[in-house]
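Take a look at the following structure, please.
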Amino acid sequence: MQANEHIKLVIENLCQRQLGAGIRNLENYLLTSQQGYMEQLSAIKYSYESMVHYWQKGVVDDQRSEVYEQLLHRLYALAADIQTNSLFRTNFYWQTVYQRPRKGDTEWPMTFIRSQLENYVADMAVLELEPEHIRNTRRKELDADHQQFVRDLFDYILTDYSWRENIAQFYEELLLSPTIDTNDQQLIVSAITMSLLRMYDNQKFLTLIHVYRQSKDVALRQRALVGWVFAYDNCISLLYPKVYHEIVEVCSDVHCTQELTELQLQLYYCMDAESDQQKIRDEIMPDLMNGSRMKLTNRGLVEMDEDSLEDILHPEAAEHDMEKMEQSMKRMADMQRQGSDIYYAGFSQMKRFPFFNDLSNWFMPFNPHHPAVCEIWNHTKAKKFLQGITHIGAFCDSDKYSFVLAFEQVLAHMPESMLKMVEEGEAVPMPIGGEVATEEQNSAAFIRRMYLQNLFRFFRLYSVRREFHNPFADIEKYLFFAKAPFTSDEMSTRRYEVVSFLIKRQRYNDANDVLESNVNYDYQYCMLSAHVSQFIFEERKWSLEHSLYSVALNVKPGDRKAMAGLARALYAQEEYGEALELYQKLLEGKPDSKNYMLNTAICMVNIRETEKALKLLYKLNYLYPDDNNVNIALAWALTIEARYDDALKLYEPLVAQEQPIADAFLNYGYCLWFMGRIDEAAKSFRRFLSLEDNAREKLEKAFLKSDYDVLSMHQITDSEIQMMLDVATA
């Protein structure tokens, strides 16, 4: 058994709080491997066996439960370190990342880390007092050295083993310190997050949740929020109950529940980036290109002649194209405001620069002084344009770096007239998705969304992404609203907001998962669950809806939505009499409703109260003469009443349509059969069979069950039914 499989078994033991089984399984693994952890395991085993020994002797110990808890945690940390060590020994990529910050005699004492980070901030402050020419040169040197340090620090934290409490305390203080640069703090949080996604560590997890709850830095708080939400695991929470209770406490804060709800929705916007891009490519970009004065050629962008032949021959076309372009721009801006990742496809092609070979750069907050982009940023002729567009657009940090790195190449292919405007600062930068106000850019929701887009790009585009656990592809990670700590009463209203969002995006199974985590069968739960059941259940969906709508109606007697849902469920179960009672009540409250009138009439037809049904159906036919559903129902009622000629007048245009309705051929066949036109009836039934799935079964059910009374009423014998089945299905 491989290390990860064996450690997984040990962790399952621990999550079930089976300390003895965990010790035995880990011991069996270590006896067959060549890892030097047996001494640490023996210490845990000895402590456990001693505790068991004194317990068997009847010794009373008030601390026994606490000691048992501590041993569980010690064994988990040991198992996690063994798993980590195995990964670093056997996986070349992780071996390289692990060794990179530890090359030579490099050590990482806590005092060294703090001094390096604080000294950078102090040096930058002192630098402001220097003359400009000295300041610029010295800044490049400081930035280059500091970038190398934080790059190594990122790798060091990412590959660090389990933290003791004092290490966690150190990093927590570091992340909350006002003497550390916020960009460095944000990068450290990302490193902790990535480490947690590789292997859960309770001290690292608590560090993130404490930073989220205590930090005043919005960007830092949002990174910490994303980190601990991604890292949380229901199984692990059984091992660390305090973590569960801390999250419940977070969920009791109104501000936190708001941010958690936004985060849950934003995760889906990220995951829909590729489908959104297809919509942009197929529906929006063609109009944008047609409305612009630019044309893409093998020589780059070329400005089209204002007096082109097309403009002369069709002067109105240019105005029409411009209107469509403006509509497309607005549509793109609306998508961006709602949360869609509209730039993913465009920038995904720009992640091949050497810059993105460095793991930490994917998580680096945008800094124009970063050694990889500072020369382009400060010395390009188009500095104002570059600064403007990266400031006002909804670009995540990763895309800003891509934009700057690619900008020099873009300049080389710009038309001369446009290049001149850019260099002179006359060109007003405006991203396709529109300008984002400074106030919005500073909001927690926007900052969090940009960070999520950074992460999404990393897990989709990084060249060695398969070495990392992708939370966007793991429902246990991205659908955190279905997890126990997020099901508190304070989160209940938010939960329904999330469910409604998922239903609109046709994520019915995910919506059902969130609903099933609910313990309160209130009105909203019943209504949403009944709606979702239509899409995820097959055999039992209508009976399930029936019960759910019934409960909703009991909670809110007389509620029209619940009544309509229950009526629809009863109709689907062929309980037409009960459905009729409900539709009649609904019709009383809304007598002009087309749907209620039609459903009432159809229920009447199905319980053979055709004379009453005809009164409603004639009214509907007068109001909606071209409605196929109305005409099919009216023709069927007339057929039952043996008014065949009147029925044929309705059937003939129905069956002649380019996209005919299957039921029209079924009922038309009945009408022809009752008139003695057997061959034509069989032909109509065969047409019905060609339009329906499982049609033979449906035809037999119609002949022998649902419409059997109508056939008998029109003197069709059992033998004739069987002969018609044979002829129609031959």
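As a basis for the values below, the full set of heavy atoms in this structure was taken, side chains included, without hydrogen atoms, waters or symmetry mates.
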Practice prompt. Compare every heavy atom of Y478 with every heavy atom of P471, then report the nearest pair and how far apart it is.
Written response: O-CD2, 3.5 Å
Item to complete: Before accepting this row, confirm whether a basic side-chain N of the pair R100/D152 lies closer than 4.0 Å to the acidic partner's carboxylate O.
Response: no
Worksheet item: Just one of I188, V189, L187, T193 clears the side-chain contact (heavy atoms from CB on, under 4.5 Å) bar with F363, so which one?
Response: L187
Discussion item. Between I82 and I7, does the side chain to side chain contact (heavy atoms under 4.5 Å, CB included) criterion hold? Intermediate values first, please.
Written reply: CA-CA 8 Å; I82 292 171; I7 298 303; 4.1 Å; yes
Fill in: Aromatic contact, F480 with Y232 (centres under 6.0 Å)
no
Worksheet item: Hey, mind stepping through T137 and E141 against side chain to side chain contact (heavy atoms under 4.5 Å, CB included) and telling me if it holds?
Response: CA-CA 7 Å; T137 303; E141 295 172 356; 4.1 Å; yes
Item to complete: Dump the intermediate steps for side-chain hydrogen bond (donor to acceptor under 3.5 Å, both in side chains) on Y451 and S190, then the final yes or no.
Response: CA-CA 10 Å; Y451 179 55; S190 293; 2.9 Å; yes
Worksheet entry | Main-chain N/O of W163 paired with D201 side-chain donor or acceptor, under 3.5 Å | yes
Fill in: Side-chain touch D143/H370, heavy atoms, less than 4.5 angstrom
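Side chain of D143 against side chain of H370, heavy atoms only: no contact under 4.5 Å found.
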Discussion item. Tell me whether S443 contacts the main-chain N or O of E440 through its side chain, where contact means a donor paired with an acceptor under 3.5 Å.
Written reply: yes
Fill in: E246 side chain near R213 side chain, heavy-atom distance below 4.5 Å
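SC-SC contact between E246 and R213 confirmed.
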Worksheet, complete the sentence: Between the CG atom in L153 and the CD atom in Q116, the distance rounded to the nearest 0.5 Å is 10.0 Å
Discussion item. Could you go through S215 and D217, starting from their C-alpha distance and side-chain angles, then the distance that decides it, and tell me whether this counts as side-chain hydrogen bond (donor to acceptor under 3.5 Å, both in side chains)?
Written reply: CA-CA 5 Å; S215 176; D217 186 313; 5.5 Å; no
Discussion item. Under the criterion side chain to side chain contact (heavy atoms under 4.5 Å, CB included), I'd like the reasoning laid out for Y120 against D184: C-alpha separation, chi angles, the key distance, then a yes or no.
Written reply: CA-CA 10 Å; Y120 174 72; D184 295 342; 4.3 Å; yes
Worksheet item: Any salt bridge between E476 and K483, counting N to O under 4.0 Å?
Response: no
Worksheet item: Taking the six-membered ring for Trp, are the ring centroids of F403 and F407 within less than 6.0 Å of each other?
Response: yes
Worksheet item: Side-chain contact, heavy-atom cut-off 4.5 Å: W228 with I247?
Response: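 W228 reaches I247 side chain to side chain.
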Discussion item. Counting the benzene-type ring for Trp, do Y98 and Y156 have ring centres under 6.0 Å apart?
Written reply: no
Worksheet item: Can a salt bridge be assigned to the pair E130 and R138 using a cut-off of 4.0 Å between side-chain N and carboxylate O?
Response: no
Worksheet item: Do R449 and D341 sit within salt-bridge range, that is, some charged N less than 4.0 Å from a carboxylate O?
Response: no
Discussion item. Run Q169 and E173 through side-chain hydrogen bond (donor to acceptor under 3.5 Å, both in side chains) and show every step you take.
Written reply: CA-CA 6 Å; Q169 183 64 35; E173 292 174 359; 3.0 Å; yes
Fill in: SB check R223 D397 (cutoff 4.0 Å)
yes
Practice prompt. Apply the ring-ring contact (aromatic ring centres under 6.0 Å, His included) test between F458 and each candidate in F472, F356, F468; give the one that qualifies.
Written response: F468
Discussion item. For N202, is there any backbone N or O sitting under 3.5 Å from a side-chain donor or acceptor partner on H73?
Written reply: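 Not a single qualifying donor-acceptor pair exists.
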Discussion item. Once rounded to the nearest 0.5 Å, what's the spacing between atom NZ of K45 and atom CG of L26?
Written reply: 11.0 Å
Practice prompt. Mind checking the NE2-CZ spacing from H146 to F149? Nearest 0.5 Å is all I need.
Written response: 7.5 Å
Worksheet item: Do you know the tightest heavy-atom contact between V373 and Y401?
Response: CG1-CD2, 3.9 Å
Worksheet item: What heavy-atom pair brings T159 and D155 nearest, and what distance separates the two atoms?
Response: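 Nearest pair, atom of T159 first, then D155: OG1-O, 2.7 Å.
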Discussion item. Taking F92's backbone N and O only, do any of them form a donor-acceptor pair with T96's side chain (distance below 3.5 Å, no angle check)?
Written reply: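 At least one qualifying donor-acceptor pair exists.
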Worksheet entry | Aromatic ring proximity H469/F459, centre distance under 6.0 Å |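 Ring centroids of H469 and F459 are no less than 6.0 Å from each other.
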Discussion item. Quick check: F366 with W377 (ring centres under 6.0 Å apart)?
Written reply: yes
Worksheet item: With no hydrogens and no angle check, is any side-chain donor or acceptor of D399 less than 3.5 Å from a backbone partner on F395?
Response: no
Worksheet item: Are C15 and I236 close enough that some pair of their side-chain heavy atoms sits under 4.5 Å apart?
Response: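 In contact.
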Discussion item. Using a 3.5 Å distance criterion without hydrogens, assess whether the side chain of R221 forms a donor-acceptor pair with backbone atoms of Y212.
Written reply: yes
Discussion item. Return the CG to CG distance between N357 and N361, rounded to the nearest 0.5 Å.
Written reply: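 Those atoms lie 9.5 Å apart.
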Worksheet item: Side chains of L158 and L359: does their closest heavy-atom pair fall under 4.5 Å?
Response: yes
Discussion item. Surrounding CZ of R17 (heavy atoms of other residues, nucleotides or ligands, distance under 6.0 Å), is the total greater than 12?
Written reply: yes
Worksheet item: Do F88 and Q95 have side-chain heavy atoms sitting under 4.5 Å apart?
Response: no
Discussion item. Using modelled atom types and a 3.5 Å cut-off, is there a donor and acceptor pairing between side-chain atoms of S340 and backbone atoms of I342?
Written reply: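 Judged by distance alone, no pair lies under 3.5 Å.
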Fill in: R448 versus Q266, side-chain donor and acceptor atoms under 3.5 Å
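There is such a pair (donor and acceptor under 3.5 Å, judged by atom type) between the side chains of Q266 and R448.
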Worksheet item: What's the verdict on ring-ring contact (aromatic ring centres under 6.0 Å, His included) for Y240 and F205, showing C-alpha distance, side-chain angles and the deciding distance?
Response: CA-CA 11 Å; Y240 297 99; F205 181 91; 9.2 Å; no
Worksheet item: How far apart are the C-alpha atoms of Y37 and N85, what are their side-chain angles, what is the distance that settles it, and do they pass the side chain to side chain contact (heavy atoms under 4.5 Å, CB included) test?
Response: CA-CA 10 Å; Y37 290 94; N85 184 60; 3.4 Å; yes
Practice prompt. Please examine the side chains of D513 and F481, heavy atoms only from C-beta on, and report whether any two atoms are closer than 4.5 Å.
Written response: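 No, too far: nothing below the 4.5 Å cut-off.
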Discussion item. Between the side chains of R198 and E467, is the shortest nitrogen-to-carboxylate-oxygen separation below 4.0 Å, so that they form an ion pair?
Written reply: no
Worksheet item: Can we say R507 and D272 salt-bridge, meaning some charged N sits less than 4.0 Å from an Asp/Glu carboxylate O?
Response: yes
Worksheet item: Which atoms form the tightest heavy-atom contact between D160 and S195, and what is the distance?
Response: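 Minimum heavy-atom contact is O-OG, 4.4 Å.
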Discussion item. Any side-chain to backbone donor/acceptor pair from S86 onto Q83? Under 3.5 Å, distance only.
Written reply: no
Discussion item. If we ignore hydrogens and angles and just use 3.5 Å, is the side chain of W108 paired with the main-chain N or O of P101 as donor and acceptor?
Written reply: yes
Practice prompt. Compare every heavy atom of S348 with every heavy atom of A345, then report the nearest pair and how far apart it is.
Written response: O-OG, 2.7 Å
Practice prompt. May I ask you to decide whether E274 forms a salt bridge with R460, counting only side-chain N to carboxylate O separations under 4.0 Å?
Written response: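 Looking at R460 together with E274, the answer is yes, because their closest N to O distance falls below 4.0 Å.
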Worksheet item: Is the closest basic N to carboxylate O distance between R102 and E107 below 4.0 Å?
Response: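 E107 and R102: not salt-bridged.
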Fill in: CG-CG distance between L14 and L238, expressed to the nearest 0.5 angstrom
11.5 Å
Practice prompt. Mind checking the CG-CG spacing from L142 to D123? Nearest 0.5 Å is all I need.
Written response: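 These two atoms lie 5.5 Å from each other.
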Worksheet item: Tell me, do Q214 and E172 make a side-chain contact under 4.5 Å, heavy atoms counted?
Response: yes
Worksheet item: Checking S115 side chain against T111 main chain: does a donor-acceptor pair fall under 3.5 Å?
Response: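 Present.
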Worksheet item: Nearest heavy-atom pair of I23 and L75: which atoms, and what distance?
Response: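 Nearest pair, atom of I23 first, then L75: N-CD2, 3.6 Å.
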